[in-house]
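Everything numeric here is computed off the predicted structure, so don't read it as measured data. All values below were derived from every heavy atom in this structure, side-chain atoms included, with hydrogens, water molecules and symmetry-related copies excluded.
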Amino acid sequence: MSPALRGAWIVLLAGVAAVAGCARDAAPQEGVPEAPVAGVEAGPAGSVTISGDDSAAGELTWRAPAVELEGADPRELRRRAEAALAAGHLYEDADAAIPIYLALSTLPEHARPAASGLQRALRQLLADGRAAIEAADGDAPAELARARQLAAVARTVDATDAAVVRFLERLDLAERVHALADAGDRALAEGHLGEAGGGALAAFRQALELQPENARALQGLAAVESALIRRAELAAEAGDFDIAEAWLSHAGTVRPETGLETVDDARERVERMRATRIARLRDLGIAALPRFGGIDVARRHLAQLLRIARPGDPAAAELRERITLAVHYGMYAPGQVFTDAMSGGGRGPQMAVVPHGAFTMGAAADEPDSSDHEKPAHVVRFERGFGLSIREITVGEFRRFIAATGHRTRAERRGFSMVYDERSNNFVRRSGVAWHSDYLGRPADDGLPVIHVSARDAQAYAEWLSAQTGKRYRLPSEAEFEYALRAGTQGRWPWGDGPPPPRVANTTGGLDRSPAGRAWANAFEGYGDGFWGPAPVGSMEPNAWGLHDLAGNVSEWVADCWHDGYRRAPTDGSAWVNPGCRDHVIRGGSWASSPAQTRAAWRAPANVDTTNARLGFRVARDL
């Protein structure tokens, strides 16, 4: 028997068993070791070992179909074998080339030509086998099974042939790569990606170590990368951007040479999702602020935003600032100027938002010209800002109130008020004087501050504004007035210590002269404001908070009842009111006030029905 026949019926054990499963993944942040699964053994450094058995031996064994030689013409058999070889009919049945050549090789006189034909058939067989292996490089199990069968035939023909040995080695490699790819596909389908070791990632990587250009394994790595990216996107959709970043970091290690662009694109998508979510939380927080309980809702949105935002995110800063503003100012900002629409048409007085904060109210113990009524000095803290009219209420603004309500002021009902008399240089009673009159008792221009109004008249105006706008207007508290008057200063006068700067207030200046040439006997030396009597509101420069005429022009009614001092006075900025009190507090110097009465701490009592040419008012508004 020839060497080929002596090698016949040897079983080819180059196949590997199908893989039952792969190790389960751990979440990226936990690092849980993967559990072993049947058919897979943990190898070094997260590798996968494919276990095998002998179940495939039967299908990898080939037995040559029997060719009947008795009575047959060997030459005819050779002709049939040549025709079969030319047709590619190599081994399948007794009419195929290899079985016929094997049978002829047992005949001594035909052994040599049979061996030659058998070698040609073997070369064709190996060529077909290599083509099948190449076709199986993707996912073609049928082609791999065909290559396995061709290998069994080739090994039966001549197991010692160098080309056969190389083919068997190549088939063995293809089988191992295929098994690893199968393992990777199953693990991928089950979600066992292997970013913590093992799993699909390890299987595909081992396949590429065996066959670096294997298309199926390369596709598998891309699929693992895509699955990790999808996990990142799902985490981002759920708002967990730390986990999303962890998945993306793992994805970036799968194909570091070729996949980084894909991961970078995914990271940009996740960042857009982060930005969209941050913007949504910011918008929800801001939208909640005007509603009842909205500040707590906005704070919850801010907490969620801060969990996903990067340090210094402008949306987080904006929402935090808006919450702070809402706590202290409602929907306004410190220094903001606004007006409210009135239901009867037009708009209310121009208001400025006074910032929240604290100041020391009252006169220092050693302040010159101070009285015990202004002491003890005490700290007042405003937890919330408030609105204050930028200017005193004007004759024109008060006229609208009178026209709309028919209100009759105290001066109108009693028929007189106190005016300035230049001949006597004093204040005297004059009949027919009311809110529409100036300091001399003549008709007043609409731009002048309204005077000759009582505390009750001023309160009635504020109540009308509240009804017209739906907002709470009121007289300012005494603490609010002094806080706004000082505007962050703590000196003797509203502008600090020392002489008044130019155009700071309409007050008694040594340079001022009446129409008849009178001068003030007690005035700020070297100062002149150009007015004798009230000036049109806003004629002087505003203070640091944008408010006019708090330091002069006319003194103003405030909401507080008169108390002889500040012992037990409120420290939260609210008005100190006793129901039914007859005397209210007036604050702020006027056009005819002495320097001592222009001090920031100066205060005086006045009966609620008092009216004169030095006394007007402005309004405050809750925010």
| field | Residues D264, R267: salt bridge by 4.0 Å N-O rule | value | yes

| field | side chain to side chain contact (heavy atoms under 4.5 Å, CB included) evaluation trace for I390 with V337 | value | CA-CA 8 Å; I390 293 176; V337 175; 3.6 Å; yes

| query | Among T156, L125, L122, which one satisfies side chain to side chain contact (heavy atoms under 4.5 Å, CB included) with I98? | reply | L125

| query | Take atom CZ in R280; do more than 12 heavy atoms of anything else shown fall under 6.0 Å from it? | reply | no

| query | Is a salt bridge present between R230 and E233, judged by a nitrogen-to-oxygen distance below 4.0 Å? | reply | yes

| message | I'd like to know if the side chain of T360 reaches the main chain of V379, judged simply by a donor and an acceptor atom lying under 3.5 Å from each other, with no hydrogens or angles considered. | response | no

| task | Answer with yes or no whether the side chains of H192 and R186 bring together a donor and an acceptor at under 3.5 Å. | result | no

| request: Please assess Q124 against L90 for the test side chain to side chain contact (heavy atoms under 4.5 Å, CB included), listing each intermediate value before the final yes or no. | output: CA-CA 8 Å; Q124 182 61 49; L90 301 180; 3.8 Å; yes

| query | Hey, are R486 and E482 close enough for a salt bridge, meaning a charged N less than 4.0 Å from a carboxylate O? | reply | yes

| message | Given 3.5 Å as the limit, does a donor-acceptor pair link the side chain of D185 with the main chain of G220, or not? | response | no

| query | Hey, is D549 close enough to R618 for a salt bridge, meaning N to O under 4.0 Å? | reply | no

| message | Taking the basic N atoms (NZ, or NE/NH1/NH2) and the acidic carboxylate oxygens, is any pair closer than 4.0 Å for D622 and R474? | response | yes

| Interatomic distance, L623 atom CG to Q336 atom CD [nearest 0.5 angstrom] | 9.0 Å

| If you take all heavy atoms of A96 and Y91, which pair is closest and at what distance? | CB-N, 3.3 Å

| query | Is there a donor-acceptor contact under 3.5 Å from the side chain of E321 to the main chain of E318? | reply | no

| field | Nearest atoms (heavy-atom pairs only) where A227 meets L188 | value | CB-CD1, 4.3 Å

| said: For E271, is there an ion pair with R310 - N to carboxylate O distance below 4.0 angstrom? | reply: yes

| field | Donor-acceptor pair, side chain of T394 and main chain of E397, under 3.5 angstrom | value | yes

| task | Assess whether side chain to side chain donor-acceptor pair (under 3.5 Å) is satisfied between D340 and Y473, documenting all intermediate values. | result | CA-CA 11 Å; D340 289 318; Y473 281 85; 2.6 Å; yes

| Crowded around R123 CZ? As in, over 12 foreign heavy atoms under 6.0 Å? | yes

| said: Main chain of T571, side chain of H378: is a donor-acceptor contact present, judged purely on distance under 3.5 Å? | reply: no

| request: May I ask you to decide if G573's main-chain N or O and S477's side chain share a donor-acceptor pair within less than 3.5 Å? | output: yes

| message | Once you measure the plane-to-plane angle for F359 and Y483, does it fall in the parallel (<30°), tilted (30-60°) or perpendicular (>60°) bin? | response | tilted

| request: For S574 and P570, indicate whether the former's side chain and the latter's backbone hold a donor-acceptor pair under 3.5 Å. | output: no

| message | Under 4.0 Å between a side-chain nitrogen and a carboxylate oxygen: does that hold for R170 and E175? | response | no

Under 3.5 Å, which donor-acceptor pairs link side chains of residues 288-305 to any protein atom two or more places apart or in another chain?
from : atom 1 : to   : atom 2 : distance (Å)
R291 : NH1    : A287 : O      : 3.2

| Can the ring centroids of F241 and W247 be said to lie less than 6.0 angstrom from one another? | no

| field | R347/T339 under side chain to side chain donor-acceptor pair (under 3.5 Å): CA gap, chis, key distance, verdict | value | CA-CA 6 Å; R347 306 192 71 84; T339 59; 2.6 Å; yes

| message | Checking Y461 against V619 for the side chain to side chain contact (heavy atoms under 4.5 Å, CB included) test, could you report, in this order, the C-alpha distance in whole Å, the side-chain angles of both residues, the deciding distance, and whether it holds? | response | CA-CA 9 Å; Y461 175 83; V619 291; 4.1 Å; yes

| request: Please answer whether the main-chain N or O of F386 pairs with a side-chain N or O of R621 as donor and acceptor at a distance below 3.5 Å. | output: no

| field | Residue pair Y329, R384: steps toward the side chain to side chain contact (heavy atoms under 4.5 Å, CB included) verdict | value | CA-CA 6 Å; Y329 309 105; R384 190 173 176 84; 6.0 Å; no

